[in-house]
Structure formats: structure tokens, C-alpha cells
Amino acid sequence: AAAAAAAAPAAKAGPRGRAKGGAGPRMDNTGSIGGDFTPTKNAAFLVERISYFDQLWAENQARVEAMDKPSITITLPDGAVHEGTAFVTTPMDIASAISQGLAQNSVVARVRYTTRHDSAADSVVACDNDDDDASAAGAEGGGELWDMGRALVGDCQLSILKFDDAEGRTVFWHSSAHLLGTALEQEYGCHLTIGPALQQGFYYDCFMGTGALGETNFKDIEKAAQSVVKRKHPFQRLVLSKEQALEMFKYNPFKVSLISRKIPDGGQTTVYRSGPLVDLCMGPHLPHTGRIKAFSCWKASATNWLGNVDNDPLQRVYGISFPDKAQLVQWREFQEQAKERDHRRLGLKHELFFFHQYSPGSAFWLPHGARIYNKLISFIRAEYWKRGYDEVVTPNVFNLQLWEQSGHAQLYKENMFTFDVEGQEWGMKPMNCPGHCLAFDFRLRSWRELPIRMADFGVLHRNEVSGALTGLTRVRRFQQDDAHIFCREDQIKDEVMGALDFMRTVYGIFGMSFELELSTRPAKALGEIDLWNMAEEELAKALNEFVGEGSWKVNPGDGAFYGPKIDIRVMDALERVHQCATIQLDFQLPRRFNLKYRTSALSEEGSDDTYAHPVMIHRAMLGSVERMFAVLTEHYGGKYPLWLSPRQVLVVPVSQDNIEYAREVRERCHNAGLYASVEDSSKTLNKKIREGQLANYNYIFVVGAQEAEAAEVNIRSRTNEVLGKRPLEEAVRWLGEMVESKEG
């Protein structure tokens with residue numbers, strides 16, 4: 001099996017939705033293609049597909065037998081060198097030679113070839129997702145991800161990855177998605193469509209005709225999956241021509257659509273077999289299904305083919321899996337904690353925000369939620385003042401010609417709200433950068449003015465499909481702490497360092513750690529390679545200076561088409577990873593708008609060689625304020641620190657006789673800029689204090705006759721710590737200082 005897999009043209013590591021844990025398919029419109037379909041258990045196509053696969057597999061094995069098999073050298077991370085044979089030796093052979101423990105715990109290999117003996121490696125096209133950029137992303141550490149059971153094809157450097165490695169987990173969950181697909185086909189005879197790995201787990205979409213799937217189906221799905229696990233089916237990789245792929249999946253109109261649209265005539269793609277399942281896939285995969293020791297379905301929902309409501313309805317089943325049953329138990333406990341912290345639940349419970357059917361994806365901010373929202377903006381605005389940013393206000397609506405000039409119309413129009421104005425097409429802005437280019441171009445700029453740091457909290461709108469809307473993390477109306485830095489090439493490193501320091505300050509105050517990745521030039525990059533190399537070198541220097549060499553990762557080929565970027569991954573209190581902040585270099589937008597600055601103090605007119613295009617740095621610290629609100633709400637569990645809290649002080653009178661003084665205390669707090677309320681109901685004192693703590697007031701000021709006479713307050717914390725009496729003025733000043741310093 002290893003040799004047969006290796007004989008096929010080599011593919012790069014899995015496509016972006018696979019190698020990194022995707023977010024699912026992008027939008028497209030094919031209309032209804034599923035037809036009149038009734039799912040049937042033990043469908044005939046299952047047998048026909050396996051028969052055709054076996055035929056092609058046998059032909060491939062015959063080709064392998066006739067191939068030359070030269071000697072190769074395999075170098076491990078510790079420098080040890082192993083001898084092997086091309087198209088015979090596998091990473092699993094090397095792992096087994098080191099130790100059985102390593103072999104048994106291995107998930108996937110990372111391979112960097114110095115010589116290769118295969119051919120036509122780049123003719124293999126991914127069509128197991130619907131990312132129009134089908135170029136495959138490399139492994140995080142460089143090279144490519146490689147099946148443990150797939151024979152090596154040349155001299156290489158080899159690393160063995162386990163489940164503990166991020167890429168190992170993604171491959172593990174990718175293979176588990178195939179396991180889920182197997183169970184769905186076996187139980188229901190459905191048409192599988194797309195099933196990616198996610199940052200946590202995986203899902204598979206399937207077409208059931210008019211049928212539906214729900215939690216009542218989970219037991220049967222899990223039972224079918226467990227049967228496949230017990231059989232330890234190997235994952236077998238096979239390269240097919242476009243014609244062979246169309247023949248193999250002729251029963252499934254959704255797979256046919258992917259093959260027809262994504263594979264050029266004369267092109268090739270890959271499939272993987274694991275037991276009864278054969279699926280379009282670029283891989284890589286686990287050695288066999290028996291590695292999946294714990295498997296569970298946890299959610300089912302309805303969606304549409306390619307995320308478009310005009311297309312066929314699909315059923316989506318989400319799953320999670322682990323190499324150890326104890327990890328599944330821990331995951332379930334974690335899910336219970338996450339459910340308690342869910343920002344959607346807390347938002348309603350504490351009256352922070354809500355959504356309405358008349359404006360899906362656009363939050364209604366209630367007074368207490370608006371306090372947090374505005375405080376986040378004020379926090380960033382104060383940092384702008386310290387760091388030399390100037391704020392601008394730009395229009396919300398533009399003629400579509402702006403987006404055509406920027407290039408967004410070609411790539412992003414379907415995600416914009418567009419409409420007709422006097423016979424011309426207009427759109428609501430989904431991002432600020434083109435408008436900032438117009439602001440830069442307002443007049444001729446000099447090199448002395450650079451860098452120009454232009455900030456904007458303008459309202460943005462994106463036409464997300466209704467099925468993709470998820471609380472505050474995926475919305476249609478939002479604001480960003482968006483800023484663009486226009487600078488010279490020699491200023492890139494310093495400006496990136498400044499943005500990184502800004503980020504560290506922000507997330508340090510939030511109490512969140514972070515990891516940094518440098519995403520480099522993708523296959524479809526625009527611009528001169530020398531400019532890319534210079535920019536990547538400057539970003540690398542900034543990262544080395546900021547966190548130290550070896551303390552950040554390279555993300556090969558995952559930069560934007562217009563420039564490299566630094567991806568910032570932050571971890572919350574539950575150790576979940578979020579990508580909110582970003583720093584991106586852009587060489588292309590200044591050229592599309594022909595932005596220039598004068599490079600010398602020569603004549604006012606000047607010649608072309610006295611002008612240069614600025615480099616544009618896109619940067620955001622919070623990202624979307626809405627998304628950051630959700631992240632922080634779950635990070636703090638609704639118990640916001642004092643400076644951010646919408647409920648800072650609850651004044652509780654001991655009896656009705658003390659209400660007047662309680663109101664005086666509240667007024668004094670209010671005048672000092674604190675959010676304070678009076679609990680003047682007739683409930684018992686203990687009940688009022690307890691309810692105030694459950695409402696997440698940071699401090700409870702209890703006031704009775706003695707406190708009124710002495711102008712004092714008796715202070716308790718949210719955690720019921722008794723802090724004792726303080727003079728009112730001292731207590732207010734103490735809280736004000738904590739708010740100012742963002743402590744407490």
C-alpha cells in the first residue's frame with residue numbers, strides 16, 4: 001500500500017481548509033443539483049465505488065513494481081541519518097526503527113525534500129473543499145505533511161508529529177471527519193459533500209433529500225463509527241485523472257460539481273480509501289482508523305450547499321475525537337464550562353445585547369452592553385493618543401467604482417450590501433482601507449510626513465449568509481479598531497515593532513497570552529519577489545527583536561496575496577485560541593491607487609524618480625469590537641474587571657430608612673465616573689447583597705445609620721470578601737484609581 005501511494009505524483013500538504021483547520025466552505029451559487037433523491041441504507045453505489053477503486057489500485061501497484069527504486073537518505077531533527085529506498089521506505093518504518101512507542105503515537109510526518117524521484121508533483125489539484133484558491137499550504141515548519149504509511153520519494157529531512165502538535169491534531173480530526181462520513185454513508189446512504197477539520201473537531205455535510213438528522217441519530221452514527229474503528233482500516237491514497245474521478249463519483253452530483261469546477265482538463269486529484277469509504281481528499285491521514293479511540297457527535301444543524309441559501313439544503317453533523325477516552329471526558333467537562341460562559345447566554349442574562357429578526361446579524365446594544373462597547377473603544381482611543389495615531393471619519397457608502405479600483409469588487413462583492421443609486425451601483429463599506437487610500441491621496445505627501453498612522457472606528461457591513469451568523473462572533477454590522485500606517489520601506493521594522501508593542505499592551509491588560517506566526521508569500525502573490533523577500537526579512541527581524549529568535553513560527557505560503565503578515569493567536573482563560581489582532585503589509589493597494597510621496601526636497605514639480613509608493617500596514621488590535629466583546633465576555637465569564645465592568649458599584653441600604661443616604665452615595669460615585677446603582681427594594685439585606693454579587697457588581701457598598709452619620713461605606717467584593725468600612729470620599733478615590741490603572 002505504501003509503495004502504491006508513493007508511485008502517484010506527489011501532492012503538497014493538505015489545502016488550507018485541511019492543513020490548518022478550516023471554517024468550512026465559502027459561498028457560491030450552483031442552484032439545486034441534488035435532484036429527487038431518497039437516501040437508502042447499504043446503497044448500491046457503495047459497492048460500485050469500491051470495485052472501481054480496487055481496479056485502479058491494482059493498476060497503480062503494477063506501475064510501482066516496474067519503477068526504479070533508488071537509495072535515499074532520511075535525516076531526523078537530531079541529525080541522525082537513516083538509509084532507505086525510494087517508493088518503499090515509509091515514515092512509519094523510520095518511527096518503528098526508533099521505538100514502538102513513537103510509531104504507535106505518530107499521527108503524520110513533516111517532510112522537507114532535498115531531492116525527489118517522482119514527477120508531475122504539481123499537477124495534483126485539491127477539490128475536497130470549495131476554496132477557489134486550491135493551492136496547497138505547506139506544513140507550519142516548512143516542507144509538507146506526509147502520510148506515515150506513504151513511501152518517501154527522495155532524500156529528505158523528516159519529523160514525526162503526534163496529536164499534541166497542532167498539525168497533528170488537525171490531521172487527526174481530518175481523518176475523523178472521514179470516519180464520520182463513513183458512518184453517515186453506511187447508515188443513511190446519503191450524498192457526502194464537504195467535511196473539514198476545524199480548530200476543535202470536525203464536521204461533515206451531507207445531502208439527505210428531504211430528510212434530516214438530529215441528536216436522535218447520534219447513537220446510530222457513533223455505533224457505525226465504532227465498528228469502522230475496530231476494523232483498523234488503513235487510509236490508502238490514490239491519484240486519479242479528472243475522468244477517473246468523475247467516473248468514481250458519478251452517483252454524487254455534489255462531488256461531480258467540485259471535480260468539474262476545480263480540476264482542469266488533463267489535471268489530477270487524489271482520493272483516500274478507509275474501509276468502505278472512498279472520498280475526494282488531498283490528505284494526509286492517520287495510519288488507520290483504529291487510532292481514533294474516542295469519537296462523539298455533539299451537534300447537528302441544517303445548512304446549504306456551499307453556504308448559499310439558493311442551493312440544496314444539507315444536514316451538518318459535528319464531531320469530536322481523541323486518541324484517548326480520558327481526553328473525551330475532559331473535553332465534555334470543558335464544554336460544560338464553555339456553555340456557562342457562552343457570550344450569547346450571558347448577554348441575555350445580564351441585559352447586554354440582543355438580536356432581532358428584523359435585522360439579523362446586527363446587535364442591539366442595551367445600556368450595560370454599550371458601556372463595555374464604548375469602554376473598549378475609549379481604551380484603544382487613549383492608546384492612539386499615546387502612540388501617534390490620528391483618527392479620521394470616512395463615509396459608510398461608496399460608489400462601487402472604489403471597490404473595483406481596490407480589487408475588492410472582484411474578490412468580495414458577494415459579501416457586500418450593494419444597491420442602485422441614480423443608475424449606478426453603490427455599496428456599504430465592508431472595510432476601511434480603500435477609503436483611507438483616498439484620504440492619503442487628498443494631497444501630495446512628503447517623505448517627512450511618514451509614517452502616517454490613520455485610525456478609524458467607522459461602522460462596517462458584510463453580507464454574511466444567515467446560516468453563518470453566530471452571536472457576536474459572525475455578524476453583519478460591526479466596528480473595528482481599524483488603522484492603516486503609510487510608511488517608507490526603511491520604516492517597516494519600527495512600525496511593526498510599534499504595532500507589536502501595542503498588541504502586547506492590550507492583551508496584557510486583558511490577561512491573555514499570545515503566540516505569533518509569520519505568514520509568507522503565497523503561490524498567487526502579486527508584486528516583485530525582491531520586495532516580498534525584503535518585507536519578510538523586516539518582519540522576521542521585528543519578531544526576533546520582539547519575542548526572540550525561535551519564539552515564533554513560520555506559516556509558509558499563508559500570507560495575503562498583497563503582502564506578508566503576522567498572525568496573532570491569543571489564548572483565553574479556557575486556553576481556547578482566538579485570532580483577533582493582525583498586522584499585514586500591503587504593497588499592492590498603494591499601487592492600485594497610485595499613492596505617492598515625494599522622496600526629496602527637489603523641485604515642487606519633480607520627476608517620476610523623485611516619488612515612491614508608500615508601504616501600507618493594515619493593523620487591528622481588537623479586530624471587530626463585537627467579536628472582542630464576545631471573546632472577553634467568555635474569557636472573564638461575565639465577571640469583568642472593574643475598569644471594563646458595566647456594573648461597578650451596588651449601593652445597598654440596610655433598611656428603608658437609609659435609602660436617602662444610599663442615593664447620595666450613588667450620586668457621588670456617578671459624579672466620579674463610576675457605574676453605580678441603588679438596591680432600594682424591600683428584600684432582606686443578605687438577599688440584596690447576594691443578588692448584587694450574582695449580577696456581577698464588582699463592589700457592594702452597604703450603608704446603614706452608622707455609615708450615614710460618619711459619611712462612610714461598608715465594602716464587600718463580588719467574591720464576598722469583606723473589605724470593611726472606608727470614608728466615602730476615600731472609597732470613591734480608591735475605585736477611581738483602580739479604573740484609571742485598569743487594576744482590580
I want to check a possible cation-pi pair here: [X] against [Y], using under 6.0 Å from ring centre and within 45° of the ring axis as the test.
X    : Y    : answer
R387 : F502 : yes
R371 : Y675 : yes
R627 : F478 : no
R316 : Y203 : yes

Are [X] and [Y] close enough for a salt bridge, meaning some N to O gap below 4.0 Å?
X    : Y    : result
R733 : E740 : no
K493 : E545 : yes
K541 : E538 : yes
E391 : R381 : yes
E425 : K413 : yes
D342 : K339 : no

Donor-acceptor pair, distance only, cut-off 3.5 Å: does the side chain of [X] make one with the backbone of [Y]?
X    : Y    : result
T599 : T610 : yes
E536 : N533 : no
D420 : G423 : yes
K596 : L444 : no
S359 : F355 : no
H635 : F510 : yes
R488 : W447 : yes
N396 : V459 : yes
N671 : E667 : yes

| message | Test salt bridge (Lys or Arg N to Asp or Glu O under 4.0 Å) on R569 and E517; report intermediate values, then the result. | response | CA-CA 8 Å; R569 295 153 55 88; E517 297 179 352; 3.7 Å; yes

| message | For F379 and W643: C-alpha separation, side-chain torsions, deciding distance, then whether ring-ring contact (aromatic ring centres under 6.0 Å, His included) applies. | response | CA-CA 10 Å; F379 168 40; W643 74 272; 5.2 Å; yes

Would you say the side chains of [X] and [Y] form a donor-acceptor pair under 3.5 Å?
X    : Y    : result
Q479 : Y373 : yes
Q480 : N432 : no
N698 : Q648 : no
Y640 : T633 : yes
Q579 : D567 : yes

| message | Test salt bridge (Lys or Arg N to Asp or Glu O under 4.0 Å) on E515 and K553; report intermediate values, then the result. | response | CA-CA 9 Å; E515 295 176 350; K553 295 180 180 179; 5.2 Å; no

Using the ring of each side chain (for Trp, its six-membered ring), is [X] parallel, tilted or perpendicular to [Y], with breaks at 30° and 60°?
X    : Y    : value
F353 : W365 : tilted
H356 : Y358 : tilted
H618 : Y562 : tilted

| task | Evaluate the criterion ring-ring contact (aromatic ring centres under 6.0 Å, His included) for residue pair F417 and W426; output intermediate values, then yes/no. | result | CA-CA 8 Å; F417 287 101; W426 288 59; over 10 Å; no

| said: Using the rule given for side chain to side chain contact (heavy atoms under 4.5 Å, CB included), can you reason through H436 versus V392, listing the C-alpha separation, both sets of side-chain angles and the distance that settles it, and then say yes or no? | reply: CA-CA 9 Å; H436 288 184; V392 298; 3.7 Å; yes

| task | Take F440 and F486 through the ring-ring contact (aromatic ring centres under 6.0 Å, His included) test and state the conclusion after the steps. | result | CA-CA 8 Å; F440 180 93; F486 298 90; 4.7 Å; yes

| Given S717, S677, S645, the one that forms side-chain hydrogen bond (donor to acceptor under 3.5 Å, both in side chains) with Y697 | S677

| Reference residue E634; test side-chain hydrogen bond (donor to acceptor under 3.5 Å, both in side chains); the match among H578, R344, H343, R345 |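 Among H578, R344, H343, R345, the one that satisfies the side-chain hydrogen bond (donor to acceptor under 3.5 Å, both in side chains) with E634 is H343.
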
| task | Assert yes or no for the condition that the ring centre distance of F514 to Y507 is strictly below 6.0 Å. | result | no

| task | Give me the one residue out of R476, R477, R474 that meets salt bridge (charged side-chain N to carboxylate O under 4.0 Å, His left out) with E626. | result | R477

| How far apart are the closest heavy atoms of I568 and T582, and which atoms are they? | CD1-N, 4.2 Å

| message | Pair F398, W403 - check side chain to side chain contact (heavy atoms under 4.5 Å, CB included), show working. | response | CA-CA 8 Å; F398 288 92; W403 309 106; 3.8 Å; yes

| request: For salt bridge (Lys or Arg N to Asp or Glu O under 4.0 Å), just list the numbers for K386 and E383, CA-CA rounded to whole Å, side-chain angles, deciding distance to a tenth of an Å, and then say yes or no. | output: CA-CA 5 Å; K386 300 175 189 175; E383 288 296 320; 3.2 Å; yes

| request: Evaluate the criterion side chain to side chain contact (heavy atoms under 4.5 Å, CB included) for residue pair M512 and L632; output intermediate values, then yes/no. | output: CA-CA 10 Å; M512 302 173 80; L632 290 176; 4.1 Å; yes

| Trace of the side chain to side chain contact (heavy atoms under 4.5 Å, CB included) decision for M428 with R462 | CA-CA 8 Å; M428 301 182 75; R462 295 184 182 174; over 6 Å; no

